Amino acid sequence: MEGERYHLHAQVVHHGQVGDFLGFNRAKHAVIEAAIIATRLHLLSPAEIPTELARLQVIVDKTGGPEEHEAMALLRKYCHQHGIDL
C-alpha cells in the first residue's frame with residue numbers, strides 16, 4: 001500500500017456481555033485457518049492449498065464436532081468450486 005494511512009476515530013456508545021467467552025477449541029481454530037485460506041485463494045499458490053487444508057482436516061477429524069465437520073466440508077467444497085483440486 002502506498003499513500004497516507006487513514007485514521008478512524010470512534011467512540012463506544014454501548015457495551016454489553018451475554019456470557020463469558022471460553023475461547024475456541026483446536027478444531028474451531030483449524031476451521032478459522034481454513035476459512036482464511038479459502039478467502040485468499042487468489043493470493044496463495046494452488047499447490048500449497050490442498051496440503052494446508054489436509055493438515056487442518058486432520059485436526060478437525062480428531063477433535064471436531066458436527067459443526068466443525070460441516071464447516072470444513074463447506075470450505076473444501078468452496079475451494080473445489082474455485083478450481084482447487086483437493
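Predicted model, so just to flag it, every value in this text is computed and none were measured.
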Could you tell me which non-hydrogen atom of A35 sits nearest to which non-hydrogen atom of L75, and how far apart they are? N-CD1, 3.6 Å
Just by modelled atom types, is the G65 backbone N or O under 3.5 Å from a matching donor or acceptor in the E68 side chain? yes
With a sphere of 6.0 Å drawn around CD of Q17, does it hold more than 12 non-hydrogen atoms of other residues, nucleotides or ligands? yes
Run through I37, I49, L44 and flag the one making a side chain to side chain contact (heavy atoms under 4.5 Å, CB included) with I84. I49
Residue pairs meeting ring-ring contact (aromatic ring centres under 6.0 Å, His included), one or both in residues 48-86, sequence neighbours left out, come to Y78-H82
Once side chain to side chain donor-acceptor pair (under 3.5 Å) is applied, do any residues pair with N25, and if so which ones, sequence neighbours excluded? none
In terms of hydrophobic clusters joined by side-chain contacts under 4.5 Å, are L74 and I32 together? no
Note: A54 and R76 closest approach over all heavy atoms is N-NH1, 4.4 Å
Would you say C79 and L86 make side-chain contact, with heavy atoms under 4.5 Å? yes
Donor-acceptor pairs are to be reported for all side-chain atoms of residues 55-63 against protein atoms at under 3.5 Å, with residues two or more places apart or in another chain.
{"from": "R55", "atom 1": "NE", "to": "E52", "atom 2": "OE1", "distance (Å)": "3.2"}
{"from": "R55", "atom 1": "NH2", "to": "E52", "atom 2": "OE1", "distance (Å)": "2.8"}
{"from": "Q57", "atom 1": "NE2", "to": "D61", "atom 2": "OD1", "distance (Å)": "2.9"}
{"from": "T63", "atom 1": "OG1", "to": "A27", "atom 2": "N", "distance (Å)": "3.4"}
{"from": "T63", "atom 1": "OG1", "to": "I59", "atom 2": "O", "distance (Å)": "2.8"}

